[in-house]
Amino acid sequence: MIRKLSDKNKGGIIIREHSKSHWEKKYGVLLLTIVLVIMALGTFGLTKSEYERGKADDLTKAKIVAKTTALTASQELNRAQTMTAELRLITAQSNGKINNFKAIAKQLVARQKYAVSLQLLPQKGDSERFFYPENSHRVAKTMRAKSGQLARRYAVKHDETVIQGPVDLSDGSRGFILYQPIFLKQQGRKVLWGYAACEVKISEILKITTASLKIAHVDYKLTKNLAPGSQERAVVLASKKQPENPQSYSFEVNQGGSHWRFDLAPTGGWTYKRKTRRFLAYALLVDLLLLILTMVAIRRLGILFDLRRAARYDALTQIYNRRGFEEAMEKEQRRRPKQPFALAILDVDDFKFFNDYYGHQTGDAVLKQLAQSLKEAAGESGLVCRSGGDEFLLALLGQTAPEAERVFKKIVDAPHELDHNGHHIVYSLSLGYADYPDQGESLKTLISHADEALYDVKLNGKKGMQCYSGQGKQILRSQLAFNLHDVVAHMPTALLIIQPEKDGRILFANQQTLDLLGYKNLWNFYDTINKHVSHVVAPEDLERVRAWQKDFVKEENLGQVRQLRYHVITKGGARVLVMASVSLVKNSHYGLLIYQTMTTIG
C-alpha cells in the first residue's frame with residue numbers, strides 16, 4: 001500500500017511503504033482484541049459443548065456395554081447354579097444318603113461343556129467327599145484356601161450360591177468354583193449338611209459375554225474379588241490390548257458377595273476426543289478466516305480514516321493543514337458568527353538554513369516541536385494549522401487582538417531550542433496577526449492582513465511580532481523576493497565567507513571566486529584546498545595574512561571594512577595579486593564570520 005506520509009517540511013511528497021495508520025494504532029488494536037476475545041470465548045464455549053456432548057455419547061455407549069456385559073455374565077453364571085441346585089435337591093431328598101453320586105454327576109457334567117467337576121462336601125470332613133471326575137480332587141487345596149473358606153462361610157450365612165475365583169481348576173484351566181450350602185431338617189430345625197460345589201471354565205461359561213465384547217469393539221478388563229470379604233482381585237476376562245483411559249463400572253451378579261469391576265475403552269480410543277480435536281481444528285480454521293477478514297476490514301477502515309484525516313491534517317506535525325483549518329474555522333463561525341478572534345501567521349526565521357545546514361530531519365524536528373508548542377499555547381480555545389513549509393496559522397477564538405497579544409508575545413519571546421542528532425538548535429519566530437471582525441470579516445481577508453503584518457516583521461529584522469496596521473509598505477516586500485543564491489550568483493566580484501574561529505575555514509565561495517582561482521565547480525575547489533583559506537594564500541604572504549586576520553578579529557570592530565593586499569594561488573599554481581575588502585560580522589548560527597571580497601590588481 002502506498003501512501004503520503006510526510007512532506008519533508010517543503011510541501012513536497014515522500015512516498016514510502018504503508019505503515020500502521022493513526023486510526024489503526026488508536027482503535028485497530030482495541031477492535032482486534034475485542035474480536036479475538038469474542039472468537040476465543042465462542043470457540044471455547046462451542047468446543048467445550050462439543051466435548052461434553054461427545055463425551056456423554058461415548059460414556060452412554062460404554063455404560064450400555066457395561067450393563068449388557070453384567071446382565072449376560074449374570075445369566076451365564078445362573079446356568080452353572082442350576083447344577084449345584086440339582087445336587088442340593090437330590091441330597092436333601094435322600095436326607096444326606098448319596099448312593100449313586102457318580103452316575104448323577106456324570107450325567108450333569110456331560111450335559112454342560114462349561115462344567116469341569118461336581119462335588120459334594122459334607123460338613124463331617126474330607127474323608128466323605130464326593131467328587132466327579134476322579135482327578136477333580138486336585139482342587140481340594142484351592143477350596144481350603146482362605147478365599148474358599150470366605151466363600152463357604154458367606155454361603156452358609158446368607159444361604160445362597162457363592163463364587164470363589166477366578167482360580168486354577170483341577171483340569172488346569174481358569175474358572176470359578178460355585179458353592180451352594182445344603183441344609184437338612186433335623187428335629188424341626190435346619191442343620192448344615194455340607195456344600196454342593198461345581199467347577200466351571202471361564203472360557204465356556206462366559207462364552208457369550210466374550211463374544212459380545214468383541215462385537216462391541218472395546219478394549220476391556222473384567223476383574224472380580226476372589227471371594228466375599230476378600231480384598232484380593234483377579235482378572236476374569238481381558239482384551240489383548242489394555243484399555244487406554246478406561247471408564248470403570250462396578251456391578252454384582254446374582255451369586256452373592258461377588259464384586260465385579262469392568263474397565264473398558266473403545267478400541268482406538270474415545271471418539272469424543274478425536275471428534276473434539278477435529279471440531280476444534282475446523283473452529284480454528286473458521287476463526288482464522290474471520291480474523292483475516294477482520295484485519296482486512298480494520299486495514300480498510302484505517303485507510304479510509306487516513307484518507308479523511310490526510311485531507312485535513314498535516315502528516316508531519318499532526319495538526320490541521322490549510323484545508324482542515326479553513327473547514328474548522330468555517331464551522332466555528334457558523335456556530336458563533338459574532339464571536340471575535342485573533343488570527344496569526346508565523347514562521348521560523350531563516351528556516352532554510354536548518355534544512356540546508358543540518359539536514360531535512362533536523363528541519364522536521366523543528367517543525368514538530370513548534371507545532372506542539374503552538375498547540376499548548378493555543379489551549380482548548382485555539383486552532384493551529386501548518387499551512388505549508390515552515391508557515392503556521394494560529395486562531396485564538398473568543399479573543400480580540402489586544403487580548404491575544406499576550407499569548408502571541410509569549411510565543412515569540414519564549415526560548416526556542418532543540419537538541420537533535422548531536423546539534424543544539426536555537427531558532428526564532430516572526431509573527432503577524434489581525435483581528436476579526438475589526439480588520440476583516442472573511443478568513444481570506446484576515447489571512448492576507450496577518451501575512452502583511454508578518455512581512456513587516458521580516459523587513460524590520462525578523463524575530464518579533466506585529467499587528468496589522470494597514471500601513472505596510474507593499475513595495476518594500478520586493479526586497480524579500482531575492483534569495484542568497486540570486487544575489488551572490490550575480491555579484492560582479494569574488495566573495496569568500498570565512499569562519500576564523502575554525503582556523504580559517506571557508507564556508508562559502510561564489511562563482512567569481514572559482515573563476516579567479518581557476519576551479520570548475522565548488523566540489524573541485526573544496527577537494528583541492530580542503531576548505532581552509534590558508535591553502536589559497538601564497539606561502540610568502542601566509543604568515544602576514546594570518547597575523548593581520550588575528551588582530552582584525554581580536555579588535556571585534558563589527559561592520560567596519562578593512563583592506564588587505566596579498567597574493568593568492570590558482571589551481572594551476574600561478575600567483576595573482578588581489579585587494580581584499582574585509583568585514584567582520586556576528587552570525588547567530590556560526591558566531592564570528594569574515595566577509596571578504598577580492599579584486600585583482602594589475
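A donor-acceptor contact shorter than 3.5 Å links the side chain of Asp314 to the backbone of Thr317. Between the side chain of Lys375 and the backbone N or O of Val384, no donor-acceptor pair lies under 3.5 Å. In this structure a side-chain-to-backbone donor-acceptor pair under 3.5 Å is present from Gln180 to Ala85. Although no hydrogens or angles enter the test, the distance criterion places no donor-acceptor pair under 3.5 Å between the side chain of Glu244 and the main chain of Ala265. Gln149 contributes a side-chain N or O that, together with a main-chain N or O of Arg144, makes up a donor-acceptor pair within less than 3.5 Å. A donor-acceptor pair under 3.5 Å is absent between the side-chain atoms of Ser49 and the main chain of Gly45, judged by distance alone. Distance alone, capped at 3.5 Å, places no donor-acceptor pair between the Thr47 side chain and the Phe44 backbone. Side-chain atoms of Arg233 come within 3.5 Å of backbone N or O of His259 as a donor-acceptor pair.
When the shell of 6.0 Å around CE of Met295 is examined, it contains 12 or fewer heavy atoms from other residues, nucleotides or ligands. Open room surrounds CZ on Arg308; 12 or fewer heavy atoms of other groups in view lie less than 6.0 Å from it. Within a 6.0 Å radius of CZ in Arg111, other residues, nucleotides and ligands contribute more than 12 heavy atoms. The number of heavy atoms from other shown groups lying within 6.0 Å of CD (Glu376) is above 12. Around CD of Glu327, the count of heavy atoms belonging to other residues, nucleotides or ligands within 6.0 Å exceeds 12.
Among residues two or more places apart in sequence or in another chain, the side chain to side chain donor-acceptor pair (under 3.5 Å) test is passed with Gln333 by none. Residues passing the side chain to side chain contact (heavy atoms under 4.5 Å, CB included) test with Arg274, sequence neighbours excluded: Thr271, Arg277. Under the rule for a side chain to side chain donor-acceptor pair (under 3.5 Å), Ser373 has no partner lying at least two apart in sequence or in another chain. Taking the side chain to side chain contact (heavy atoms under 4.5 Å, CB included) definition, one finds that Lys55 meets it with Tyr51, Leu59, Tyr272, sequence neighbours left out. Judged as a salt bridge (Lys or Arg N to Asp or Glu O under 4.0 Å), and not counting sequence neighbours, the contacts of Glu134 are Lys102. Taking the side chain to side chain contact (heavy atoms under 4.5 Å, CB included) definition, one finds that Asn135 meets it with Pro133, Arg138, sequence neighbours left out. In terms of the side chain to side chain contact (heavy atoms under 4.5 Å, CB included) criterion, residue partners of His416 (sequence neighbours excluded) are, by chain and number, Ala414, Tyr427, Leu429. Applying the salt bridge (Lys or Arg N to Asp or Glu O under 4.0 Å) test to Arg88 and every residue at least two apart in sequence or in another chain returns Asp159. Tyr179 is linked by a side chain to side chain donor-acceptor pair (under 3.5 Å) to Arg152, Gln164, counting only residues two or more places apart in sequence or in another chain. Taking Arg278 as the reference, nothing meets the salt bridge (Lys or Arg N to Asp or Glu O under 4.0 Å) condition, with sequence neighbours excluded.
Considering only heavy atoms from C-beta on, Leu108 stays 4.5 Å or farther from Gln112 through its side chain. Residues Asn78 and Thr82 have side chains not in contact (no heavy-atom distance under 4.5 Å, counting atoms from C-beta outward). Side-chain contact between Leu121 and Phe130 is absent, with no heavy atoms from C-beta onward closer than 4.5 Å. Two residues are said to be in side-chain contact when any heavy atoms from C-beta on lie closer than 4.5 Å; Thr209 and Glu76 meet this criterion. You'll find the side chain of Lys61 stays beyond 4.5 Å of the side chain of Val65, heavy atoms only. For the pair Arg322 and Leu393, the minimum side-chain heavy-atom distance is below 4.5 Å. Pro181 has its side chain within reach of Leu192: a pair of non-hydrogen atoms, C-beta onward, lies under 4.5 Å apart. Residues Asn321 and Ser387 are not in side-chain contact: their nearest non-hydrogen atoms beyond the backbone lie 4.5 Å or more apart.
Counting only residues at least two apart or in different chains, ring-ring contact (aromatic ring centres under 6.0 Å, His included) contacts with residues 187-206 are absent.
Shortest non-hydrogen contact noted between Ser230 and Asn225 is O-CB, 3.6 Å. Across all their heavy atoms, Asn355 and Gly363 have their closest contact at OD1-CA, 3.4 Å. Taking all atoms of both residues into account, the shortest heavy-atom contact from Leu396 to Ala378 is CD2-CA, 4.0 Å. Closest non-hydrogen pair, Gln119 versus Ser136, comes out as NE2-O, 3.1 Å. Considering all non-hydrogen atoms of both residues, Ala371 and Ile319 come closest at CB-CD1, 3.9 Å. A pairwise comparison of heavy atoms in Glu204 and Arg79 identifies O-NH2, 4.0 Å as the closest pair.
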Stepwise side chain to side chain contact (heavy atoms under 4.5 Å, CB included) check, Ile177 with Leu169 = CA-CA 8 Å; Ile177 302 175; Leu169 303 181; 4.3 Å; yes
inquiry  = One pair to check against side chain to side chain contact (heavy atoms under 4.5 Å, CB included): Tyr220 and Asp263. What are the steps and the verdict?
reply    = CA-CA 5 Å; Tyr220 59 91; Asp263 297 329; over 6 Å; no
query = Where do Val236 and Thr223 land on the side chain to side chain contact (heavy atoms under 4.5 Å, CB included) test, with the steps shown first?
reply = CA-CA 5 Å; Val236 178; Thr223 61; 5.7 Å; no
ask   = Run the side chain to side chain donor-acceptor pair (under 3.5 Å) check on His420 and Thr362 step by step: do they pass?
value = CA-CA 6 Å; His420 187 265; Thr362 299; 3.2 Å; yes
task = List the steps and the verdict of side chain to side chain contact (heavy atoms under 4.5 Å, CB included) for Gln93 and Leu89.
result = CA-CA 6 Å; Gln93 288 176 347; Leu89 180 61; 3.6 Å; yes
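Atom CD of Glu50 is separated from atom NZ of Lys48 by 14.0 Å, given to the nearest 0.5 angstrom. The CG atom of Leu383 lies 5.0 Å from the CG atom of Leu397; values are rounded to the nearest 0.5 Å. Of the inter-residue distances, the one linking Gln369 atom CD with Asp419 atom CG reads 9.5 Å to the nearest 0.5 angstrom.
Look at Asp171 and Lys201 and you find a salt bridge, because one of the NZ, NE, NH1 or NH2 atoms lies within 4.0 Å of a carboxylate O, short of that distance. A salt bridge is absent between Glu326 and Arg323: the closest approach of a Lys/Arg side-chain nitrogen to an acidic carboxylate oxygen does not fall below 4.0 angstrom.
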Hey, can you pull the donor-acceptor pairs under 3.5 Å for the side chains in residues 279-292, sequence neighbours left out?
residue: Asp287; atom: OD1; partner: Thr43; partner atom: OG1; Å: 3.4
residue: Asp287; atom: OD2; partner: Thr43; partner atom: OG1; Å: 2.3

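Between the side chains of Ser258 and Glu252, no donor-acceptor pair is found at a separation under 3.5 Å.
Aromatic ring pairs are classed by plane angle as parallel below 30°, tilted from 30° to 60° and perpendicular above 60°; the pair Phe262 and Phe251 is perpendicular.
A distance of 6.0 Å or more separates the ring centres of Tyr320 and Phe325.
Stacking of Lys106 on the aromatic ring of Tyr132 is not recorded, the 6.0 Å distance cut-off and the 45° axial limit not both being met.
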